[in-house]
Peer 1: 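I'd like to ask some things about the structure below.
Just so it is clear: chains get the letters A, B, ... in the order the sequence lines come, proteins before strands, and each one is counted from 1.
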There are 2 protein chains.
Amino acid sequence: MNLKSSSKLSSLPLKNIKIGDNFWTKYTKLVKDVIIPYQWDSLNDNIEGAEPSHCLNNFKIAAGEKEGEFGGAVFQDTDVAKWLEAVAFTLATTRDKALENLADSVIDLIGRAQDKNGYINTYFTIKEPNLRWTNLTEGHELYTAGHLIEAAVAYYDATAKDKFLNIMIRFADLICDTFGEKENQIHGYPGHQEIELALVKLYEVTKNKKYLDSAKYFLDERGKLPNYFLEEEKTEKFKRIFPEFKNYTPLYSQSHLPVREQTTAEGHAVRAVYMYCAMADISYEYEDKELLKACKTLWNNIVNKRMYITGGIGSSGLLERFTTDYDLPNDINYSETCASIGLALFGLRMTKITKEASYMDIVERALYNTVLAGIAMDGKGFFYVNPLEVWPESCIERTSKEHVKPVRQKWFGVACCPPNIARTLASLGQYIYLADNNSLYVNLFISNETIVEFEDKQVNLVMETNFPNDNNINIHLTSELEKEIILALRIPFYAENYTVFLNDQTYKFEIDKGYAIIKGKFKNDKIEIKFDSTAKFIYANPLVRADSGKVAITKGPLVYCLEEADNKDNLSAIFVDTLVSPVEKYNEELFGGTTVVTLQGKRISNKNWNDDNLYGTQKPIYEDTILKAVPYCYWGNRKHGEMAVWLKTLI
Amino acid sequence: MNLKSSSKLSSLPLKNIKIGDNFWTKYTKLVKDVIIPYQWDSLNDNIEGAEPSHCLNNFKIAAGEKEGEFGGAVFQDTDVAKWLEAVAFTLATTRDKALENLADSVIDLIGRAQDKNGYINTYFTIKEPNLRWTNLTEGHELYTAGHLIEAAVAYYDATAKDKFLNIMIRFADLICDTFGEKENQIHGYPGHQEIELALVKLYEVTKNKKYLDSAKYFLDERGKLPNYFLEEEKTEKFKRIFPEFKNYTPLYSQSHLPVREQTTAEGHAVRAVYMYCAMADISYEYEDKELLKACKTLWNNIVNKRMYITGGIGSSGLLERFTTDYDLPNDINYSETCASIGLALFGLRMTKITKEASYMDIVERALYNTVLAGIAMDGKGFFYVNPLEVWPESCIERTSKEHVKPVRQKWFGVACCPPNIARTLASLGQYIYLADNNSLYVNLFISNETIVEFEDKQVNLVMETNFPNDNNINIHLTSELEKEIILALRIPFYAENYTVFLNDQTYKFEIDKGYAIIKGKFKNDKIEIKFDSTAKFIYANPLVRADSGKVAITKGPLVYCLEEADNKDNLSAIFVDTLVSPVEKYNEELFGGTTVVTLQGKRISNKNWNDDNLYGTQKPIYEDTILKAVPYCYWGNRKHGEMAVWLKTLI
């Protein structure tokens, strides 16, 4: 049952939320129509021209049903896990017998590949059966287990079938037995965080507190001295998997300090935010204020000093990692899609704990910009790296920009991002609402129909909007509530003149932590939210060296960019006139309908230069120009070319 | 004898040129006083806190005089070669018995480490005696041989002692026998070019044409299909030395096309320019017009599309390589000191062949900026990488800027640059003059006393100047010439109102390929050159994305920069007002006397931002500021901090 009986916030069951939104449905429908079938082909090595994934083959070999060698990366099993999780999220809202049968067949295969003690991992089972748990730094066994557990929980929630869940419970039990404080246990923790999140989810569905305790153990153990990973390297059985990991410092894996003492976001960005999610989870479950304080400090370090305006994080082009405060280069950054997904997951948890709306501003920023930019509008191409400025000709092999792809890729050898986008889109509902025993929090403005179950009665809610292309949100509530409930409507940071109408009458609301509070029994009521959110010039803190003298354009949660397709090449020669306000116009043809922003500015002319003249004393000639900006999430969906978010200004 | 008997230009013997210059002597004196002794300690592993070089130890082991293992890189022997070459250049102008004895002892050691067939290479002799010549791609045997030959030629020129020369002749003979067109010869060429240059020098001193023919063979063979390096990888004896070389394309080693067909500067910058030097040499010796045309095309590609204003080349931060036209990022580039040395060597050769002054503009640019920036003013620290913009806090481990060092390093594991700077400073004289049988070309403005030997008589020349801090150059010539000679005085690209006075009378000169032509018998004559060269704003071609809307400041050959020491931190917040001309003032205290340039501009204030606010709608506040620029070559000689060459402008 999913009755909201606690005063703590939690997400609604996905199966209760049906999304049908002008902005989002063009992406969410890709999951079932394109991505899941495409990934299925990938898992089966049936995509021409793409690297084989080896995924299901590995499970067949591990199950003893096929001869052969392990293929792919050490964490290859997670592609199967993420596919199953996306399938589960999809089945939660749309039953599909054929798809369910396919998933069941994969689950059966996973079961057959499970060791009798519960262990699952095709890399170690096939390739290094004697080296289980001997290389936590690089082995990704706990990371892989975590993704499989998350998938099993999602599949159980969606279908009520418990086979997968029971398979993973057996593995989780093995993990809880293997790791812990006792003398005969390993006092270690994952090289790539993920198991912690997953064990919390397993606790939520099983109510078995040992999973929670193990998750907490992994967090509490991390960063103690002597450093587990450095000690592990010295052991006899340690066998290096990634030569480049040699000499990585504990900073890379956030094991440089006990997690409660960490104050800056460091190391590999995905590892970091997954860990922060788990810290938030444990803080939520144990009401651990010290951990919450650490979460807030780390969150603030990210969003106030180390985050791109697009919600991208991990500004180093090497090792997908955080660097230092205000170091946000636009053309050589990594800003991995998965890291922004992790940031959204972290923010959602922080709102759950604190009931503060501001976290959702960042969640929305990550979802509407970096996460969506990660996928082509046809669902067939993906960005792993999300730069804010691209000059395609300079993104060449064996340079500092080799990782920057000007065109979305069909698939990747390390394919973490595409399935992560799929599961994020398929579970978008989790971000829209949070509820406790007498409140419903409305966080995102996405058209949907939802059932909320309170202790006494059910509330049916229909939200209709064309957000972010307009800022009217209509909510229709029907219920047979006996008691008053609270409706908490998020007031986003960009909203001006935020007004709420209850049955066409202006409603004078109070504000609590960024939410407009509406109370009522809502038998059959119409709530309308209206605000202004025009296209705006945004400036960065002057300490962000990369953005000095530059401006970005946003409208609501959307960050805009210039593309070569609209503005010719050499976007670096453009200077925006910020004395002229940006002009918005809805274009129903472009990208299935979007608001386009027009700007005025100047452009350096080539007229007084010939191509064979590199430096000279002649002053540039500036010519007037009209510029057209489009949402960043849509970039690279037309012809190949330059793109820029931060634009120089006339000063 | 060094009588100029040909109509081709060549350098004067170093021993005939005594430099005593206000600008240069503070660097050139470091060679003998600091660098040679310091490097000697390095070669002997006697520097506390620095990685051991293993250099002389390797030779002792190879000579069978010591037990032990090879240490250092595969090309470690070149450090010894470059030290000997710097010593030779120094001894050419300043006899020093103790230093000469030290050099002789090293030469003796090299001789004892030589195989009976002539082979010298401590790596292969100690570590892989059966793998000689089996990995030309990475083995650096020919590269190492080249540096040793160059050193031997220099030592012979300086001391007239032929022991070292004869040692290297034996090795050169082995190389000429081993490589070539015949069936029993290896049809290969060096993975890192250098032997070609060296064989030309060996020809010059021995007049044995087979060395020239072998140099030509290496060039002509390069880039033929099938590619030698790709084929070599498939052979049984091939053993990889650098794992990262796997999958390097032939572009990296300029073996992607026959050298005559190459039109763009590609791959590893030092390899490239060393090869272009050899192409110029062979073109000069064989009067090969096709090769000269290729040299001109490659030169133009570099200087018109791929060179920093400082004469830095190799704009990729990875692999020290060229990237693509106009791709000149300022903060992540490599611009290795050695590459600029190679560019200077290439330019000097082009002037020798074409008698055109414009090449010397680039030679001067490289020498006065990147090469000098490569060494600290106390001679004890070196830059390998030469960025044009540094924010030290962001140059951290395991990012795209890890290679950028904000402070000159004591020494390097791969220490190619420091000894290369030493030999360049010690041979600075070669750049000042070129001469043929009846002309003396004056290329650089550096105070010196020189003897030029023409067929009939000797000319004594004294040049006195405070260039580049002022632009008066006095030349006093004394001779007993019977015939008229031509004095060709370079007119640099930055000179305005260039005027020549002969014995205090204005001389109406003709201009030939950028040189002012003065004719006379010069018994006892005074020539004065005067020109204007004020500090100027320089703009880059608008296609250079990194410099759009920016300006650099130059005065004569010197590029200027802002340093944090003079302008506080966050140089990115500065915008120069180009409507106000730069103001020059000589400061005799700073850097031993230099012209400082003052600019006006604005700076973004932090006043309307707090550190915890990353993005916002508030417009920046610009405050008036006065800026102080100093020569780029001197940066980083005061306190640690930010630096920038290209500065944003008010537009």
Side-chain angles (χ1 to χ4, degrees), chain A residues 243 248-249 252 300 303-305 307 309 316-319 321 323-327 329 331-332 391 393-394 396-400 402 536-546 548-549 552 570 572-573 575 578 602 604-606 609 611-620 622 648 650-651, chain B residues 243 248-249 252 300 303-305 307 309 316-319 321 323-327 329 331-332 391 393-394 396-400 402 536-546 548-549 552 570 572-573 575 578 602 604-606 609 611-620 622 648 650-651:
Chain A
Y248 275 26
T249 64
Y252 181 74
N300 289 335
V303 305
N304 298 337
K305 291 178 182 166
M307 182 187 71
I309 191 170
S316 171
L318 283 178
L319 304 179
R321 56 164 273 180
T323 60
T324 192
D325 289 348
Y326 308 112
D327 180 38
D331 59 345
I332 56 159
W391 171 26
E393 285 68 27
S394 73
I396 60 178
E397 253 200 330
R398 299 182 187 283
T399 69
S400 302
E402 185 177 11
K536 285 200 169 50
F537 290 126
I538 304 292
Y539 303 87
N541 188 313
L543 294 175
V544 181
R545 269 78 172 162
S548 247
N570 198 4
S572 81
F575 296 77
T578 56
K602 294 197 183 284
I604 300 178
S605 162
N606 290 335
W609 287 88
D611 288 357
D612 279 350
N613 192 355
L614 197 46
Y615 303 109
T617 52
Q618 62 269 46
K619 285 207 170 198
Y622 295 91
K648 298 189 197 87
L650 298 176
I651 294 164
Chain B
Y248 276 25
T249 63
Y252 181 74
N300 288 335
V303 305
N304 297 336
K305 291 178 183 168
M307 181 188 70
I309 191 170
S316 171
L318 284 178
L319 303 178
R321 53 166 276 183
T323 61
T324 191
D325 289 349
Y326 307 113
D327 181 37
D331 59 346
I332 57 160
W391 171 26
E393 284 69 25
S394 73
I396 60 178
E397 253 202 328
R398 300 183 186 283
T399 68
S400 303
E402 187 176 9
K536 284 201 170 50
F537 290 126
I538 303 294
Y539 302 89
N541 188 313
L543 294 175
V544 181
R545 269 79 173 160
S548 246
N570 198 5
S572 80
F575 297 78
T578 56
K602 292 194 184 285
I604 299 179
S605 162
N606 289 335
W609 287 88
D611 287 357
D612 279 350
N613 192 356
L614 197 48
Y615 304 110
T617 52
Q618 62 270 47
K619 286 207 170 194
Y622 295 91
K648 300 190 195 86
L650 297 177
I651 294 166

Peer 1: Do you know the tightest heavy-atom contact between B:S394 and A:D327?
Peer 2: CB-OD1, 3.6 Å
Peer 1: Would you indicate whether the side-chain heavy atoms of A:R545 and B:D331 approach each other to under 4.5 Å?
Peer 2: no
Peer 1: For B:N541 and A:N613, indicate whether the former's side chain and the latter's backbone hold a donor-acceptor pair under 3.5 Å.
Peer 2: yes
Peer 1: Starting at OH of A:Y539, measure out to NZ of B:K619 and round the result to the nearest 0.5 Å.
Peer 2: 4.0 Å
Peer 1: Relative to chain B, which segment of A:K648 carries a heavy atom at a distance below 4.5 Å: side chain, backbone, both, or neither?
Peer 2: side chain
Peer 1: Rounded to the nearest 0.5 Å, what separates atom CG in B:L614 from atom CG in A:L543?
Peer 2: 9.5 Å
Peer 1: Highest number of heavy-atom pairs under 4.5 Å with chain A: which of B:R398, B:K536, B:R321, B:M307?
Peer 2: B:R398
Peer 1: Taking every heavy-atom pair that is under 4.5 Å apart, which of B:F537, B:Y622, B:W391 has the most such pairs with chain A?
Peer 2: B:W391
Peer 1: Among B:P243, B:P329, B:A540, which residue has the highest count of heavy-atom pairs closer than 4.5 Å to chain A?
Peer 2: B:A540
Peer 1: Using every non-hydrogen atom in the two residues, find where A:S316 and B:T399 come nearest and quote the distance to one decimal.
Peer 2: OG-CA, 3.4 Å
Peer 1: Output the distance between atom OG1 (A:T323) and atom CD (B:E397), rounded to the nearest 0.5 Å.
Peer 2: 13.0 Å
Peer 1: Please enumerate all residues that pass ring-ring contact (aromatic ring centres under 6.0 Å, His included) together with B:Y252, with sequence neighbours excluded.
Peer 2: B:F245, B:Y248, B:H268
Peer 1: Taking side chain as everything from C-beta outward and backbone as N, CA, C, O, which of these in A:S605 sits under 4.5 Å from a heavy atom of chain B? Side chain, backbone, both or neither.
Peer 2: backbone
Peer 1: In chain order, what residues pass the salt bridge (Lys or Arg N to Asp or Glu O under 4.0 Å) check against B:D611, with sequence neighbours excluded?
Peer 2: none
Peer 1: Is there a donor-acceptor pair under 3.5 Å between the side chain of B:K602 and the backbone N or O of A:I651?
Peer 2: no
Peer 1: Taking A:V544, A:T249, A:I396, A:D325 one by one, which has the highest count of heavy-atom pairs under 4.5 Å against chain B?
Peer 2: A:I396
Peer 1: I need the residue from B:N606, B:L650, B:D612 with the largest number of non-hydrogen atom pairs under 4.5 Å to chain A.
Peer 2: B:D612
Peer 1: Which one wins on heavy-atom pair count under 4.5 Å against chain A: B:A573, B:G616, B:G317, B:P620?
Peer 2: B:G616
Peer 1: I'd like to know if the side chain of A:Y615 and the backbone of B:I309 have a donor-acceptor N/O pair within less than 3.5 Å.
Peer 2: yes
Peer 1: Between B:S548 and A:S572, is there a side-chain donor-acceptor contact under 3.5 Å, judged purely by atom types and distance?
Peer 2: yes
Peer 1: Please determine, among A:I604, A:I332, A:I538, the option with the most heavy-atom pairs under 4.5 Å with chain B.
Peer 2: A:I538
